[in-house]
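One-based numbering, in listed order, for ligands and for the atoms of each.
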Amino acid sequence: MIKLERVNKSFQNGKPAVSDVSFEVNTGETLVLLGTSGSGKTTTLRMINRLIAPDSGNIYVNGEAVNIQEITSFRRNIGYVLQDNGLFPHYTVAENIGIVPALLKWDKKRIEDRIRVLMEKLHLSPAEYYDAYPQQLSGGQQQRVGLARALAADPPVLLMDEPFGALDPVTRASVRKQFRTLDEISNKTVIMVTHDVQEAFELGDRICLMDKGAVQQTGTPAELLFFPANDFVRQFFQDQRLLLELNAVKLATILSWLPDHPAAHPGTSTLPEDASCWEAMQQLTTAAVPVHYMANGRLIRLDTGGLMQAFTQYKQTIDNNGRSTRLS
Ligand SMILES: Nc1ncnc2c1ncn2[C@@H]1O[C@H](COP(=O)(O)OP(=O)(O)OP(=O)(O)O)[C@@H](O)[C@H]1O
């Protein structure tokens, strides 16, 4: 668990970099710090890891104020992933990944096993890359080594600063997908900085949207889209609104509006229970076979028209509710 209470920070020029920032991230949750350039995201992350000291306010990690914890053991309980991956060029992949376990004096066999397990999970073949040097790897592979290094000693907290920022869009999407499906992060408290809206929607359980050092709104992607706290939040998502809405709305949410088509023959594709409308649209427009969704033990066959209609009906319900809330 991570908690920030009214945290402030100004640098030498006196202009506030972070103003009165408060939020809480629960264990097992991923909070994305999203915002324009210079909005204070990195400064906030660095204060959590004590790389920067706040001028005022309180920061707690796992229930304890960070400034009273012993710095070495405090940092070992936090995995930190940097945008440029920060790998040591003269260390092999295995040596890079094993840095913290070695500092913790794990025995050699345990370290080796852990490195191999993580490499497999992150799709880096140990046979090929265990003894390779970072410069022999592609950008996406280096990024995965950086992630493996941060996860090596299984820290309860993971902080990531634009972890996929330096990658091309295709590699970025694939590394992101691997991250999303990684069982290693399911029990961690994760904070990730990005200025990529799509990434924030894909990876964040909740998003903290910042501007000029201040939090504009913290909430689920759907809350920020459908119930924006102010004009800044509304405007921020305007350009990509339809795409984001399709991403934010789960099939489970619009289930009652989906047409009840019976299932087709076996050998078809079935979307996972937590699939979004966007994932369904992608499948429907690319899969050569009928696309299904399994809900409450029942298989429903999807079609593009029915899906868009259900999505629109759901949105109308939200608009009506919003209007009636505003009117009451
Ligand atoms: N070490 C520093 N010295 C002086 N000013 C700084 C320092 N670090 C950050 N700032 C300033 O603090 C503000 C917030 O910077 P920060 O890096 O936290 O923003 P950010 O949201 O992470 O931006 P980006 O997305 O561009 O990385 C900016 O105005 C920046 O110029």
* **Donor-acceptor pair between Gln238 and Arg241 side chains, under 3.5 angstrom** => yes
* **Salt bridge present between Glu184 and Arg114 (N-O < 4.0 angstrom)** => yes
* To do: Calculate, to the nearest 0.5 Å, the distance between atoms CD and CE belonging to Gln143 and Met160 respectively.
  => 8.0 Å
* Asked: Does any donor atom in the side chain of Asn8 or Ser56 lie under 3.5 Å from an acceptor atom in the other side chain?
  -> yes
* Glu95 side chain to His90 side chain, donor-acceptor N/O pair below 3.5 angstrom -> no
* Test applied, side chain to side chain donor-acceptor pair (under 3.5 Å); reference residue, Asp113; option that passes from Lys109, Arg110, Arg116 -> Lys109
Could you tell me, for ligand 1, which of its N or O atoms are under 3.5 Å from any protein N or O, listing the pairs and their distances rounded to 0.1 Å?
{"from": "ligand 1", "atom 1": "18 (O)", "to": "Thr43", "atom 2": "N", "distance (Å)": "2.9"}
{"from": "ligand 1", "atom 1": "18 (O)", "to": "Thr43", "atom 2": "OG1", "distance (Å)": "2.5"}
{"from": "ligand 1", "atom 1": "19 (O)", "to": "Gly40", "atom 2": "N", "distance (Å)": "3.2"}
{"from": "ligand 1", "atom 1": "21 (O)", "to": "Ser39", "atom 2": "N", "distance (Å)": "3.0"}
{"from": "ligand 1", "atom 1": "21 (O)", "to": "Ser39", "atom 2": "OG", "distance (Å)": "3.3"}
{"from": "ligand 1", "atom 1": "21 (O)", "to": "Gly40", "atom 2": "N", "distance (Å)": "3.0"}
{"from": "ligand 1", "atom 1": "21 (O)", "to": "Lys41", "atom 2": "N", "distance (Å)": "3.0"}
{"from": "ligand 1", "atom 1": "21 (O)", "to": "Lys41", "atom 2": "NZ", "distance (Å)": "2.8"}
{"from": "ligand 1", "atom 1": "22 (O)", "to": "Thr42", "atom 2": "N", "distance (Å)": "2.9"}
{"from": "ligand 1", "atom 1": "22 (O)", "to": "Thr42", "atom 2": "OG1", "distance (Å)": "2.9"}
{"from": "ligand 1", "atom 1": "23 (O)", "to": "Gly38", "atom 2": "N", "distance (Å)": "2.8"}
{"from": "ligand 1", "atom 1": "25 (O)", "to": "Lys41", "atom 2": "NZ", "distance (Å)": "2.8"}
{"from": "ligand 1", "atom 1": "26 (O)", "to": "Ser37", "atom 2": "OG", "distance (Å)": "2.6"}

